[in-house]
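Shown next, in structure tokens, is the structure this report addresses.
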2 protein chains.
Amino acid sequence: MQHWIIDSDPAGLPDWHEAFPDLKLVQAMAQVTPADQAGVLWCRLRSSAQLAEVLATLDFMAGLPVVVLSDEPDEALVMQALAAGAAGCCNSRAAPEVLRQVALVVSNGGLWVGQSLLQRLVGSTSKVFGQRPKEVKNERWEDKLSDRERQVARLVASGSSNREVADHLNISERTVKAHMSAIFEKLGLRDRLQLSLRINGLVGLS
Amino acid sequence: MQHWIIDSDPAGLPDWHEAFPDLKLVQAMAQVTPADQAGVLWCRLRSSAQLAEVLATLDFMAGLPVVVLSDEPDEALVMQALAAGAAGCCNSRAAPEVLRQVALVVSNGGLWVGQSLLQRLVGSTSKVFGQRPKEVKNERWEDKLSDRERQVARLVASGSSNREVADHLNISERTVKAHMSAIFEKLGLRDRLQLSLRINGLVGLS
DNA sequence: AAAGCTATTGGACTAAAGTACAGTTTTTGG
DNA sequence: CCAAAAACTGTACTTTAGTCCAATAGCTTT
């Protein structure tokens with residue numbers, strides 16, 4: 001899966017690189033060479049004026065689903081983007097795992113709609129929105145792990161082998177294993193597949 | 001993760017058992033013993049009149065998210081269910097992998113909204129809805145696998161080990177490995193984690 | 001300063017996972 | 001009926017994954 005991110009800032013955001021180690025960060029549409037394989041095209045909007053420009057070129061991105069990244073997304077923007085053919089719209093500073101989840105959904109033909117928007121669409125003060133999130137927040141996996149463990153967990157959950165994680169973080173494979181054991185212990189899991197389900201399980205609604 | 005399904009039919013549907021091998025199928029609310037661990041409570045509606053009855057008891061199901069199963073779900077029903085505190089509503093005859101995906105979403109505090117409803121909520125004839133699904137359908141993983149391979153793939157993708165799959169299907173572990181090799185070959189994958197991402201990747205929108 | 005958590009790594013080991021090669025039986029379609 | 005595909009199984013092997021025991025070093029809290 002190939003990820004193209006278009007942003008006027010050549011450095012992009014750190015989380016992007018963590019979310020997609022093999023990301024291609026470019027400054028203009030023209031630099032996007034439509035690969036034959038599957039992928040996602042992300043466009044960061046620096047101003048709302050840019051929206052029209054971006055959406056106008058969506059048609060040229062033949063196979064790739066397009067996700068709009070905005071620093072201050074509002075619901076109107078999301079609606080516009082979706083109506084114009086984008087597969088989703090989310091905050092530029094979304095956590096790496098959220099970005100990966102968005103990628104999973106849109107690369108399979110789905111649409112990504114954030115929970116806040118969905119809440120307005122449904123238009124009710126559902127008990128679920130009011131209550132469940134709190135219960136769940138008490139057992140967010142992120143809170144149980146150290147920074148390094150979280151980093152390892154994300155890479156593994158996205159399909160990397162221990163060897164690949166080790167190379168990517170410049171540590172020994174042995175250390176990766178140590179982190180994995182700690183992760184399993186802390187989260188009460190059995191293996192990396194369960195970890196993936198735990199981390200990627202919260203998909204579809206941000 | 002414990003799954004309780006309430007249905008007046010003591011046998012339930014075959015797909016339910018395939019989706020959740022360790023499912024607890026009961027005939028009445030009273031038979032649901034709220035386990036301390038995480039789980040999902042599924043209620044099958046046999047008539048729309050049952051809706052009020054079911055929703056009235058939602059409050060008693062302390063920790064468990066509730067998903068309404070309907071043989072003929074319509075958008076009004078889904079809206080009612082959500083507004084009353086249900087975490088989702090889907091077709092009783094949904095495919096096993098869809099059920100599992102619903103489970104993943106709701107057990108993590110999310111809401112499940114089907115694509116058709118979302119489409120109406122968004123209220124536009126988005127290009128994404130019109131075009132992408134067709135492209136994607138040409139490479140649906142289900143179409144590339146045999147019946148048995150599909151069955152194995154689903155179990156593995158939901159976190160089962162080879163041994164567990166073998167026991168569940170009453171075949172040798174060796175046979176499971178054979179199926180796995182065939183699956184990897186046909187789908188061009190490397191290991192079971194990639195398979196899980198491929199299968200569970202389409203999450204959040206049915 | 002001592003205690004505790006985190007990051008790091010090593011050796012050694014057990015257990016799964018995955019592959020290669022080879023074979024039988026059953027099912028399916030022409 | 002025959003051919004092809006699918007299902008099933010075995011032995012043997014290589015590679016990952018995961019665990020156990022042990023150790024060093026940095027950083028934080030009491």
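Just so we're clear, the structure is a prediction, and the values are computed from it rather than from any experiment.
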How about Leu187(B) and Ile183(B): do any of their side-chain heavy atoms sit closer than 4.5 Å? yes

How is Ala178(A) classified with respect to the nucleic acid when contacts are heavy atoms under 4.0 Å: base, sugar-phosphate, or nothing? base

For residues Met180(A) and Arg192(A), determine if any side-chain heavy atom of one lies less than 4.5 Å from a side-chain heavy atom of the other. yes

Nt span of DNA chain C in reach of chain A heavy atoms at under 4.0 Å, 5' end first, is dT6(C) to dG11(C)

State the OG-CZ distance between Ser196(A) and Arg154(A), to the nearest 0.5 angstrom. 14.0 Å

From the list Val176(B), Leu155(B), Thr175(B), side chain to side chain contact (heavy atoms under 4.5 Å, CB included) with Leu169(B) holds only for Leu155(B)

Is there a side-chain contact between Trp4(A) and Ile6(A) in this structure, where contact means two heavy atoms from C-beta onward sitting under 4.5 Å apart? no

Main chain of Ser70(A), side chain of Ser92(A): is a donor-acceptor contact present, judged purely on distance under 3.5 Å? yes

Taking the nucleotide of DNA chain C with the nearest heavy atom to each, does Asn170(A) or Lys186(A) sit closer to the 5' end? Lys186(A)

Shoot me the first and last contacting nucleotide of DNA chain D against chain B, ordered 5' to 3', at under 4.0 angstrom to non-hydrogen atoms. dA6(D) to dT11(D)

Applying a 4.0 Å non-hydrogen cut-off, can you work out what Arg148(B) is touching in the nucleic acid: base, sugar-phosphate, or nothing? sugar-phosphate

Heavy atoms only, 4.0 Å cut-off, all strands: where does Thr175(B) land among base, sugar-phosphate and nothing? base

Base, sugar-phosphate or nothing for Ser146(B)? Non-hydrogen atoms, less than 4.0 Å. sugar-phosphate

Under 4.0 Å between any heavy atoms, over every strand shown, what does Ser172(A) touch: base, sugar-phosphate, or nothing? Just pick one. sugar-phosphate

Any donor and acceptor pair, going by atom type alone, linking the side chain of Arg150(A) with main-chain N or O of Leu145(A) inside 3.5 Å? yes

Do Trp16(A) side-chain atoms and Leu25(A) backbone N/O form a donor-acceptor pair below 3.5 Å? no

